[in-house]
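Note sheet for the following structure.
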Amino acid sequence: MRYWLFKSEPDKWSWDAQVAKGDAGEEWDGIRNYQARNNMREMKIGDRGFFYHSNAGKDIVGIVEVCALSHPDSTTDDERWDCVDIKTVRSFVKPVTLAQIKENPELEGISLVRQSRLSVAPITADEWKIICKMGATEP
DNA sequence: GCCAACGTTGGC
DNA sequence: GCCAACGTTGGC
């Protein structure tokens, strides 16, 4: 199993909206970036991801699970763009802020900081454990 | 609101 | 295939 990070502006698609979808899950649509799309194509059912609020919030607020493999993005006719579906697993007990992540020397290589504009990024197993611990949340 | 980083586009 | 121009993202 691999780990990922999904970024969303809470004004457009918030964690609350994701939680409201429950087990039905939701298409992670609207991605128009090749690297992010390629990451989604590599995902498998059951892969886990962090849900990060960019702009407003700037914190990791929850854990999601991939529940549908990459398929055409229903919000465009352009066949270049695919996306996966994700469903809520659990909310973070304590959201982990970008500032906390930057302060932790163990996380200095994290994709969230190194490639801040990439909206779907890989997370290492170590990073996964560390961030869950910082959030007082079960991995 | 500004600006840095970076991806995309299009002329040559 | 290079590179300038432009658009977007996201932190501050």
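Here is the naming used below: chain letters follow the sequence lines, and residue numbers restart at 1 for every chain. Heavy atoms only: backbone and side chains are in, while hydrogens, waters and symmetry mates are out.
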Practice task
Could you tell me whether the side chain of Glu26(A) reaches within less than 4.5 Å of the side chain of Lys87(A), counting heavy atoms only?
Solution key: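 When only atoms from C-beta onward are counted, Glu26(A) and Lys87(A) do not touch, as no gap falls below 4.5 Å.
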Problem - Note, Asp82(A) side chain near His71(A) side chain (heavy atom, < 4.5 Å) - result: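 Sidechains of His71(A) and Asp82(A): no contact.
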Practice task
Using the heavy-atom set of chain A and a strict 4.0 Å cut-off, write down the first and last nucleotide of DNA chain B that makes it in, 5' to 3'.
Solution key: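 Contacts span dA5(B) to dT8(B), reading 5' to 3'.
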Exercise for the section: Would you kindly say whether Ser119(A) and Arg32(A) are connected by a side-chain donor-acceptor distance under 3.5 Å? Expected result: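 The answer is no; no qualifying pair exists.
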Practice task
Hey, can you tell me if Trp28(A) and Phe6(A) have their rings parallel, tilted or perpendicular (30° and 60° cut-offs)?
Solution key: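 Ring orientation, 0 to 90° scale: perpendicular.
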Practice task
Applying side chain to side chain donor-acceptor pair (under 3.5 Å), run through Thr75(A) and Asp73(A) and close with a yes or a no.
Solution key: CA-CA 5 Å; Thr75(A) 62; Asp73(A) 183 331; 2.6 Å; yes
